[in-house]
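Protein chains get the first letters and strands the later ones, always in sequence-line order, with residue 1 at the start of each.
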There are 2 protein chains.
Amino acid sequence: MSTAPLEHDSLVAPVTLADIAREAGTSPSTASRALSGRGYVSEAARDRLLAVADRLGYVPNASARTLKHRRSRVVGVVLSDLDNQFYARLAAGIEQVLREANYQMMVLGDNSEPAEEVEGARTFLAMRAPGVIMTPVGSGATELLRSQGTAVVEVDRRLASVPCDAVLIDNERGAREATMHLAGLGHTRIALLGVETDWTSDAGRLQGYRTGLRNARLPLDENLVVRIPPHAPDIEPRIEALIDDHAPTAIFAANNLLAEHVWQVLRRRGLRIPHDISLVGFDDVPWMAMVDPPITVVEQPTLELGRRAARLLLRRLGGPALAPAVEILQPRLVVRGSTGPASL
Amino acid sequence: MSTAPLEHDSLVAPVTLADIAREAGTSPSTASRALSGRGYVSEAARDRLLAVADRLGYVPNASARTLKHRRSRVVGVVLSDLDNQFYARLAAGIEQVLREANYQMMVLGDNSEPAEEVEGARTFLAMRAPGVIMTPVGSGATELLRSQGTAVVEVDRRLASVPCDAVLIDNERGAREATMHLAGLGHTRIALLGVETDWTSDAGRLQGYRTGLRNARLPLDENLVVRIPPHAPDIEPRIEALIDDHAPTAIFAANNLLAEHVWQVLRRRGLRIPHDISLVGFDDVPWMAMVDPPITVVEQPTLELGRRAARLLLRRLGGPALAPAVEILQPRLVVRGSTGPASL
DNA sequence: CTGTTAGCGCGTTCAG
DNA sequence: CTGAACGCGCTAACAG
């Protein structure tokens, strides 16, 4: 292994258009035309320029370009939790279509904090990103972005007070189906474990739960509705309290993280699923199909959610004055082994 | 939900330093000094400038800055597989320390393809990133970057033909311990499932497996060594063939993805772990502790790996002429339920 | 302490 | 078809 000192970096200056122009004996503007493919350049000059550029390893300076064009090719993405596979898949979907359209994706996490979200928005404003896709946690970021003329697409939930595009899941329906599935198995004490936010996603899931109960002619017991704030340090104790104090026979966990916590609590307590208690999750993630029994879940078309968001953004970049579009995707109940007849 | 057309975006021009200077009655350079905090500015002028900037929602143009400074605040990160939680955690670790140092992280995936990796390198060259951290899949990207004076840190494996910093895991030791653990349980037919690459990580794991066998006075049966190329479409069939044709009593899967495939095959075949066959993985990821039985694994300090890489990069940015540093982190064998006495 | 000048690298006029 | 000139927004050097 070599331990020789590296060449002194600061001496190596990146090659510029002017360099390759000089080398090829043309003016910088001709070089620009040749390399960007726009404008007239003689066959001969082009070939020469291209060859030199290649030989010197020319890489166009994106900043100079952005400065000139007044917007970059970077689309910003702000997500709530980069560690959560749901958001990771969302990003993957977005990236797929952005890449095809020749845009770079830059992902930032905001830890579900409005302040960090605004921070992210400022970053993308600074980079002169033409648009930003986000899972909003507050309305400030969107407002800031929109006020400066940056396109915004909200994914997974809708929060903006200003008009903007969005692509969502029919949360109400997903939650309703999950609840009715449990009711159909004879459960009467079905708990809802949700997030304490003002997000439309959580509101929709709560609403769907209520409607599901009503459809099943079941009373709503507020004690069985537990809503946990995003950064609560005591998620599992709260779940334990729910079980101890109100003896649900089934729990509907409204996102994959909560489902995981419920699962951990049940396992730790030695409660058998679904014999002692049934569990339904929201957001299908790999572990849910691997554990025993596998988890019944409301599956979302997560990758597609991301793709649609990106397409909506591209559409908007093409037509800034279009009316805002809101797309709703359908979730699907996947029944696996974690739900069974009520045990009383 | 409003359906009114958005305001016509193109009319909104971002506010510039010149704007706020004019508004405050100073020259642009004074405004620059006030807002960047560098250079002398009178108390009065500064306050006035700051107030105006705030009122107008001024956001500095990053491209202009980068153009001027000749380098941006964006550190590039190129990873093999963004869907793999190992790489996701690596990114999280990197981000932590970069953020503290006031750098932006931009992550790109290369699907383990050298060509895409080079593509990523060009992207960061174009953005004038001061440095790039990557899990290398070829040597081209690093060479390109280094040749243009961009700092490079390799993580998880070492591949560069030019000197550069790196932070690695002691793969040899991890694999050796895993192998000896199995041998200690009485296994004599221990299979190694690895990746067919020229990466140091895979070479180290293979080496550790060999040494482990030797230490345990076990013969090396080449039939029990299966190496699968990165994008092989038939991973599980190959695992099945290994089991059918060579009847290993234990399998050491050299990364989390391979471990998952082995687990799926064993489950599908109804083979009981560890009764019928033992399994050890490499890279601890959440599902491994959730399945039944939980998987014995060689755990890596993944987050720390990322942090160290970022620190190494920051160090390098501060001293371009320093001798290259290579840090080695230690993995740890975590014995869980998937390994037991040989069944014969 | 402040303003003027100049230039980072590129692309887009506009003459030739 | 080509080159000269200019400006995108910001900051460093230099006078004042």
Side-chain angles (χ1 to χ4, degrees), chain A residues 10 12-50 52-53 56-73 122 124-130 148-149, chain B residues 10 12-50 52-53 56-73 122 124-130 148-149:
Chain A
S10 28
V12 202
V15 11
T16 77
L17 216 37
D19 294 333
I20 87 116
R22 187 169 349 96
E23 192 82 5
T26 79
S27 75
S29 14
T30 301
S32 170
R33 284 189 290 257
L35 297 183
S36 71
R38 268 186 293 274
Y40 299 98
V41 185
S42 70
E43 196 82 12
R46 186 201 326 286
D47 292 349
R48 202 145 30 90
L49 259 347
L50 253 29
V52 175
L56 267 44
Y58 171 67
V59 180
N61 184 324
S63 300
R65 245 182 205 169
T66 297
L67 189 56
K68 180 71 190 170
H69 289 149
R70 316 176 83 159
R71 44 187 37 190
S72 74
R73 298 293 298 181
R122 296 179 66 88
F124 292 130
L125 240 23
M127 302 180 78
R128 294 301 185 262
Q148 310 263 325
Chain B
S10 28
V12 204
V15 10
T16 76
L17 216 38
D19 294 333
I20 87 118
R22 188 170 348 98
E23 193 83 6
T26 79
S27 76
S29 17
T30 302
S32 171
R33 285 188 290 255
L35 297 182
S36 72
R38 270 187 292 274
Y40 299 98
V41 185
S42 71
E43 195 82 12
R46 186 200 326 284
D47 291 348
R48 204 147 28 93
L49 258 349
L50 254 30
V52 175
L56 266 45
Y58 171 68
V59 180
N61 184 324
S63 300
R65 254 192 196 157
T66 297
L67 189 57
K68 180 71 189 170
H69 289 152
R70 318 176 82 161
R71 43 189 38 191
S72 73
R73 298 294 297 180
R122 297 180 64 88
F124 292 131
L125 240 22
M127 302 180 78
R128 294 301 184 262
Q148 311 262 322

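The shortest distance between side-chain heavy atoms of B/Leu35 and B/Ile20 falls below 4.5 Å. Using a 4.5 Å heavy-atom cutoff, the side chains of A/Val52 and A/Tyr58 are not in contact. In this structure, B/Thr30 and B/Leu49 have side chains that are in contact, with non-hydrogen atoms separated by less than 4.5 Å.
Nearest-nucleotide positions on DNA chain D place B/Pro14 closer to the 5' end than the other of B/Pro14 and B/Arg38.
Computed from C1' positions of five pairs at each end, the angle between the two local axes of the helix from C/dC1-D/dG16 to C/dG16-D/dC1 equals 50°, rounded to 10 degrees.
In this model, the phosphate group of D/dT2 is approached by a side-chain N or O of A/Ser42 to a distance below 4.0 Å at OP1 or OP2. OP1 or OP2 of C/dG3 has at least one side-chain nitrogen or oxygen of B/Thr30 nearer than 4.0 Å. For C/dG9, neither phosphate oxygen OP1 nor OP2 lies less than 4.0 angstrom from any side-chain nitrogen or oxygen of A/Thr16. At the phosphate of C/dG11, neither OP1 nor OP2 sits under 4.0 Å from any side-chain N or O atom of A/Ser36. A close approach under 4.0 Å does not occur between any side-chain nitrogen or oxygen of A/Tyr58 and OP1 or OP2 of C/dG9. Contact between the side-chain N/O atoms of B/Arg70 and the OP1/OP2 oxygens of C/dG7 is not found at any separation under 4.0 Å.
Proximity of residues 60-69 of chain B to DNA chain D (heavy atom under 4.0 angstrom from any strand atom) is restricted to B/Pro60, B/Asn61, B/Ala64, B/Arg65, B/Lys68, B/His69.
With D/dA4, C/dT2, D/dT2 as the choices, the nucleotide that has an atom nearest any side-chain atom of B/Val41 turns out to be C/dT2. Here the side chain of B/Leu17 is nearest to one of C/dG11, C/dT2, D/dC10, namely D/dC10. For B/Ser27, the listed nucleotide lying nearest its side chain is C/dT4; candidates were C/dT4, C/dC10, C/dT13.
No donor-acceptor distance shorter than 3.5 angstrom exists from the side chain of B/Asp47 to the backbone of B/Ala44, with no hydrogens or angles considered. Using a distance-only test at 3.5 Å, with no hydrogens or angles considered, a donor-acceptor pair links the side chain of A/Arg48 to the main chain of A/Ala24.
Contact annotation: side chain of A/Ser29 to base of D/dA4, donor-acceptor pair present below 3.5 Å.
B/Gln148 places its CD atom 13 Å from the P atom of C/dG9, with the value rounded to the nearest Å. The distance from atom CZ of B/Arg71 to atom P of D/dA12 is 15 Å, rounded to the nearest whole Å. Atom CG of B/Leu125 is separated from atom P of C/dC10 by 12 Å (rounded to the nearest Å). One can place CZ of B/Arg33 at 10 Å from P of D/dA12, the figure rounded to the nearest angstrom. Rounding to whole angstrom units, CZ of residue B/Arg48 and C1' of C/dT2 are separated by 12 Å. Whole-Å rounding puts the B/Leu49 CG to D/dC10 P distance at 12 Å.
For A/Arg73, the CZ atom counts as densely surrounded, since its 6.0 Å shell holds more than 12 non-hydrogen atoms of other residues, nucleotides or ligands.
Between A/Arg71 and A/Gly149, the closest heavy-atom pair is NH2-O, 4.0 Å.
A distance of 7.5 Å separates CZ in A/Arg128 from CD in A/Gln148, rounded to the nearest 0.5 Å.
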